[in-house]
Number of protein chains: 2
Amino acid sequence: MARGAGRGGSSGAPRSVDVAQLAGVSQKTVSRVFNNEPYVSADVRRRVLEAAAELGYRLNNAARALASGRTRHIGVVTLGTALYGPASLIMGVERAVRDTGYALRVVNTVEGDPAGIGGAVDSLLDQGVDGIVISEPIDDGQDGVLADRLDVPVLVLGAPPFPAPRALAAGVGADLMAQTATEHLLDLGHQTVHHLAGPQQWYSARDRMEGWRSVLIEKSRAVPPVIEGDWSAASGYAAGRELAAVDDMTAVFAANDDMAIGLVRALTEAGLRVPEDVSVVGFDDIPVAAYVTPPLTTVRQPFDVVAQEGIKRLVHTIENPQADPLPASEPPVDLVVRASTAPPPLQTPRGRGRRTTSRPSGDRHGQSLDGGSSAHD
Amino acid sequence: MARGAGRGGSSGAPRSVDVAQLAGVSQKTVSRVFNNEPYVSADVRRRVLEAAAELGYRLNNAARALASGRTRHIGVVTLGTALYGPASLIMGVERAVRDTGYALRVVNTVEGDPAGIGGAVDSLLDQGVDGIVISEPIDDGQDGVLADRLDVPVLVLGAPPFPAPRALAAGVGADLMAQTATEHLLDLGHQTVHHLAGPQQWYSARDRMEGWRSVLIEKSRAVPPVIEGDWSAASGYAAGRELAAVDDMTAVFAANDDMAIGLVRALTEAGLRVPEDVSVVGFDDIPVAAYVTPPLTTVRQPFDVVAQEGIKRLVHTIENPQADPLPASEPPVDLVVRASTAPPPLQTPRGRGRRTTSRPSGDRHGQSLDGGSSAHD
DNA sequence: TTGAAAGCGCTAACAC
DNA sequence: GTGTTAGCGCTTTCAA
């Protein structure tokens, strides 16, 4: 064949032999230098590097992978949505992966594809990866099937431990964050808190719901029926219309900010003021959360931290197959209190404390400038 | 049968020779089958496929790439933000790439990294890719440097043609969309339209600005000074405080929805009503745009269409190096009219049609305007 | 329509 | 510290 086709212009890209020749060393020595192996004299190393630079040499990864059996690639399975949470997580994963010197291979699960996550994992395995990250998985009932084929370590972000030989889990702090959000509302004096949940196939949606529920139960509060949305503002809006009709509803914890925003709009349109009549807490802290009306109290997810630690543990497992996996740490909880939460209205029956107004609701104090105060600062 | 069958184990995955042996054909024939080459009898093909299935054979991509010089990978350079626009574009790209049978390699440009896009492209080239997608590039002054190293086809999304030997551009309809947004405002009766631009290193920000400007000039309207934001709601908020002080400011076109939302909040806090006093148009149609207060009139970007067509053209160029590149089509313009735009207020000087509120921000221009026109309140 | 031989550019053992 | 010798699993001639 034509030699390293696709690379250099005419006669092919330079190979390590070429570098070796120019530097006056053996090809293996060039390999040593480029793999940072020990036992190379400083002088030789320098000469090799110079020769490589002069030739514009780049290591051929296909050959490297073939010879070593390791691709130095990590594959990530995503849901293929531009939702803030998943997208942020991917960005965090990319950064973390790159820091470790691995390359990232991305595959979306096609919506409505029966193969689902299994299909995506398969295609990753086909391409060849040393490890796999599954981000915010949904439960498509294929856990068992998957486990069989997974002969590489897997990191599952935002889900409980996974039935695979070498599986890690990370970012399972959603329940804790949900608890904090719920407690914040109770601390303000609300009798109980309603929950606008995410789609229940999502582990992260279930986690948040469990966190919410556990607090209510622990504090012996009534547990209102859960309303399930689909993460979208539209579904939050629909939920808001339902909730507006519920008596004594004074606080809602929404499983993400988009739904919270739709919810607030529906409540406002129904004549309920946020936060005077109803308090709302979101989840994610999306960029606009501080600037909607009213600025949204929400829980910020530490995507970067979670991704970074997760990848670090994954790479450790890849490179030390025998060793014990690194332990996971609890991600920090960051409740950002803004203007969408307040004490509940006085004990009058609904329809009463409420003001009629033509203004956009919750046009309140100056907090809006910096977007609110974080529990962590 | 000596090897392979188990595959999970340590002794290695089945190779094409194993399949060949089991099927009773030569290894080359197996290769032919898996590459869909002609000249394989239906019978042999079937036998090979059966043997492969039995062994759980998967083609080794490293070996394939090494031997063929083609990686069947497309690399994408992104900005590493979870901004809705870029994130959506990436998702579209992933989908499109997968449809073509290529794999996706993703690299972010590290923020603040002096190497910028150039560094990201380099690392992609290092990894080995058959083509590169640069999404929403920013101008880091490295065009020239880049061009030298780019020996594979490049698709630039959301930017003008790029100085590289085999470059394609796509999604350059932003100016047209910006024009539509601006015209919408003028059609409503506004004398002119202010512009809250994105960071000017972004080509897409410049495109939108040019679209806006061209309409104003064409219709002989005053061209107000541009305010530059950083895409964030926070910067939109800051811009809003400035704009609230400007006389006769009745319409603003913001270069994205996040900024538009921050802007609306600042205007509202300053006592200006949207859309009664000031109309605002955003850009992107982010998921919450329909649910903020007021629901945002905005321009929807057809990310999927742009990504799909772009990738199709890129792959064509990869696979037909000599042929002319496929032509680009104009993406559709989709103005979504909601409640943030309306005809301008009646012709009274500012300070007058407007309600006084209790907000302190009125202080800023309270003396010169409000004080003098008390008759109106 | 099929097969045999010869690498692709690198890493892995083991010598020196 | 450095070099030698074999492959990794596939695609590519070229021959049959």
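A quick note: this is a predicted structure, and the numbers were derived from the prediction, not measured. Chain A is the first sequence line, chain B the second, and so forth, proteins listed ahead of strands; every chain is numbered from 1.
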Atom pair distance, as rounded to whole Å: [atom1] in [X] and [atom2] in [N]:
| X | N | atom1 | atom2 | result |
| --- | --- | --- | --- | --- |
| Leu59(B) | dC8(D) | CG | P | 16 Å |
| Asp18(B) | dC8(D) | CG | P | 11 Å |
| Arg58(A) | dG9(C) | CZ | P | 15 Å |
| Asp126(A) | dC10(D) | CG | P | 12 Å |
| Gln27(A) | dA6(D) | CD | P | 15 Å |

Inset, instruction - Indicate, with a heavy-atom threshold strictly under 4.0 Å, whether Phe34(B) touches base, sugar-phosphate, or nothing. - result: nothing
Inset, instruction - Assign Asn35(B) to base, sugar-phosphate, or nothing according to its heavy-atom contacts below 4.0 angstrom with the strands shown. - result: sugar-phosphate
Could you go over nucleotides 14-16 of chain C and give all protein N or O partners under 3.5 Å, atom names and distances?
none

Is [X] near enough to [N] that one of its side-chain N or O atoms lies under 4.0 angstrom from OP1 or OP2?
| X | N | answer |
| --- | --- | --- |
| Ser31(A) | dC10(C) | no |
| Ser41(B) | dT1(C) | no |
| Arg64(A) | dC10(C) | no |
| Tyr39(B) | dA16(D) | no |
| Thr29(B) | dT2(C) | no |

Inset, instruction - State which residues pass side-chain contact (heavy atoms from CB on, under 4.5 Å) with Asn320(A); sequence neighbours excluded, sorted by chain then number. - result: His316(A), Ala323(A)
Legend entry - Ala62(B): side-chain contact (heavy atoms from CB on, under 4.5 Å) partners, not counting sequence neighbours: Ala65(A), Leu66(A), Asn60(B)
Legend entry - Partners meeting side chain to side chain donor-acceptor pair (under 3.5 Å) with Ser135(A) (sequence neighbours left out): none
Inset, instruction - Give the nucleotide from the list dA4(C), dT12(D), dC10(C) with an atom nearest to the side chain of Ser68(B). - result: dT12(D)
Legend entry - Listed partners of Asp126(A) passing salt bridge (charged side-chain N to carboxylate O under 4.0 Å, His left out), at least two apart: Arg58(B)
Legend entry - 5' priority, DNA chain D, between Val40(A) and Ala63(A) [closest heavy atom]: Val40(A)
Legend entry - Rounded distance [0.5 Å steps], CD in Gln127(A) versus CZ in Arg105(A): 5.5 Å
Legend entry - Stretch residues 43-53 of chain B: residues that reach within less than 4.0 Å of DNA chain C through a heavy atom: Val44(B)
Inset, instruction - Inspect the contact between Asp99(A) and Arg95(A) and indicate whether a charged nitrogen and a carboxylate oxygen are less than 4.0 angstrom apart. - result: no
